[in-house]
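Note that the structure is predicted; figures quoted are calculated from it, not measured. Sequence positions, counted from 1, serve as the residue numbers for this chain.
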Amino acid sequence: LLARAADDIRATAEEADRPFHGICVGDLIAGDHTFYPQYNETMARTGLAFRNAMGNHDMKLWGRSHETSAAAFEAMYGPAYYSYNVGEVHYAVLNDNYYIGRDWYYIGYLEERQLAWLERDLACVAPGSTVVVAIHIPTAFRGKDGQPFDYAKAAKTLANYKALHRLLEPYRAHILSAHEHYNENYTPVPHVFEHVHAPLSTLFWQTPLSMDGIPAGYGVYEFDGDGLTWYYKA
């Protein structure tokens, strides 16, 4: 299925006849990091340069602290958080998978070091610009702001999401996230639009449909200057 999707992405980009690059918002593999070379080889069939965010399945588990959890990902792809520009749009890729140093447990959390880095990074971006943030664990889910904090949901959503939303206040921001096996769109605050993406694996490769009944696919985002339109491609 991944190879079919890669070929489909290539055809979509060629038909559009405009520059494209790809973003994977985490869970490149399902925990076995020896599959990274095979993933890279398959995604090369798209003909696009891909930027990758870390997912919880990309973490190196069983280490003694969060700081050890990005080792395998960073050995293959470089820093777990970084930024870049394409045209008039600024992109920031973050790692909000916080390993708590116990078994395979993690929460959605951005540590101060990463937030301080993002603050310095965005200081170079003109207010009013379009900023795209790619992370794995979503900042929002339906009704979140009306519910008290719940430890049971700590691995499903970004705990300190308000800090990220505040940093994005001067901008027209789009957050690309994943983690949940459904597609959803949110406006958690007026200046942020969040796109949650189901994985190409749908329900762990067991069915052609995601939890919301949508067939396997990917999002296509098209910029005209800094204006954005998008659609879902099954």
Side-chain angles (χ1 to χ4, degrees), residues 23-27 51-59 65-67 69-70 73 79-85 89-102 105-198 219 221 226 228 230:
I23 300 176
C24 178
V25 280
D27 286 356
R51 308 284 187 174
N52 299 301
M54 266 194 68
N56 57 290
H57 288 287
D58 295 302
M59 291 192 297
S65 69
H66 166 69
E67 284 71 20
S69 64
F73 178 91
Y81 57 93
Y82 56 94
S83 66
Y84 61 99
N85 297 317
V89 180
H90 184 71
Y91 295 80
V93 180
L94 305 177
N95 173 24
D96 66 344
N97 313 275
Y98 195 90
Y99 176 58
I100 64 172
R102 174 71 184 274
Y105 295 114
Y106 60 90
I107 62 174
Y109 185 76
L110 289 170
E111 73 276 22
E112 175 59 25
R113 180 176 62 177
Q114 196 168 171
L115 288 170
W117 169 85
L118 180 62
E119 188 171 34
R120 294 192 300 270
D121 178 72
L122 291 176
C124 301
V125 180
S129 300
T130 296
V131 172
V132 174
V133 174
I135 58 175
H136 183 64
I137 298 176
T139 76
F141 61 79
R142 193 167 302 281
K144 174 175 179 174
D145 286 333
Q147 299 179 18
F149 179 76
D150 183 351
Y151 281 104
K153 294 186 175 69
K156 291 183 173 293
T157 185
L158 180 63
N160 57 338
Y161 64 98
K162 290 183 179 179
L164 176 60
H165 291 171
R166 280 195 295 270
L167 288 176
L168 296 174
E169 279 182 359
Y171 308 101
R172 291 181 292 173
H174 289 264
I175 295 177
L176 310 182
S177 59
H179 195 46
E180 300 300 334
H181 288 240
Y182 54 76
N183 293 275
E184 193 73 273
N185 294 303
Y186 300 102
T187 308
V189 287
H191 60 280
V192 171
F193 195 105
E194 181 160 4
H195 314 254
V196 183
H197 301 79
Y221 296 85
D226 60 359
L228 176 62
W230 63 89

Ignoring hydrogens and geometry, is there a side-chain-to-backbone donor-acceptor pair from [X] to [Y] under 3.5 Å?
| X | Y | answer |
| --- | --- | --- |
| H136 | V25 | yes |
| H191 | V189 | no |
| Y171 | V125 | yes |
| N160 | L110 | yes |
| D96 | Y109 | no |

Nearest non-hydrogen partners of [X] and [Y], listed with the distance:
| X | Y | value |
| --- | --- | --- |
| Y84 | V93 | CE2-CG2, 4.0 Å |
| N56 | Y106 | ND2-OH, 3.2 Å |
| S69 | Y99 | CB-CB, 3.8 Å |
| S83 | D121 | OG-OD1, 2.7 Å |
| A178 | P138 | O-CG, 3.2 Å |
| Y221 | L228 | CB-CD1, 3.8 Å |

Nearest 0.5 Å, what's the [atom1]-[atom2] distance between [X] and [Y]?
| X | Y | atom1 | atom2 | result |
| --- | --- | --- | --- | --- |
| Y81 | E111 | OH | CD | 6.0 Å |
| N185 | W230 | CG | CH2 | 7.0 Å |
| H197 | D27 | NE2 | CG | 14.0 Å |
| R166 | E119 | CZ | CD | 10.5 Å |

Quiz item: Who are the side chain to side chain donor-acceptor pair (under 3.5 Å) partners of S177, not counting sequence neighbours?
Solution: E194
Practice problem: Please identify each residue that fulfils side chain to side chain donor-acceptor pair (under 3.5 Å) with R172, with sequence neighbours left out. | Solution: D226
Quiz prompt | Set of residues satisfying side chain to side chain contact (heavy atoms under 4.5 Å, CB included) with respect to T187, sequence neighbours excluded | solution =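 T187 satisfies side chain to side chain contact (heavy atoms under 4.5 Å, CB included) with F193 once adjacent residues are dropped.
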Quiz item: Would T139 and H165 count as having a side-chain donor-acceptor pair, cut-off 3.5 Å?
Solution: yes
Quiz item: side-chain hydrogen bond (donor to acceptor under 3.5 Å, both in side chains) between H179 and N97: does it pass, once the steps are laid out?
Solution: CA-CA 10 Å; H179 195 46; N97 313 275; 5.6 Å; no
Side chains of [X] and [Y]: does their closest heavy-atom pair fall under 4.5 Å?
| X | Y | result |
| --- | --- | --- |
| I107 | I137 | no |
| N52 | F73 | yes |
| L164 | I175 | yes |

Practice problem: Establish, for the pair R51 and Y91, whether the NZ or CZ atom is under 6.0 angstrom from the six-membered ring centre and no further than 45 degrees off its axis. | Solution: no
Quiz item: Under 30°, 30 to 60°, or over 60°: which ring-plane class applies to Y98 and H66, parallel, tilted or perpendicular?
Solution: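 Geometry flag for H66 against Y98: parallel rings.
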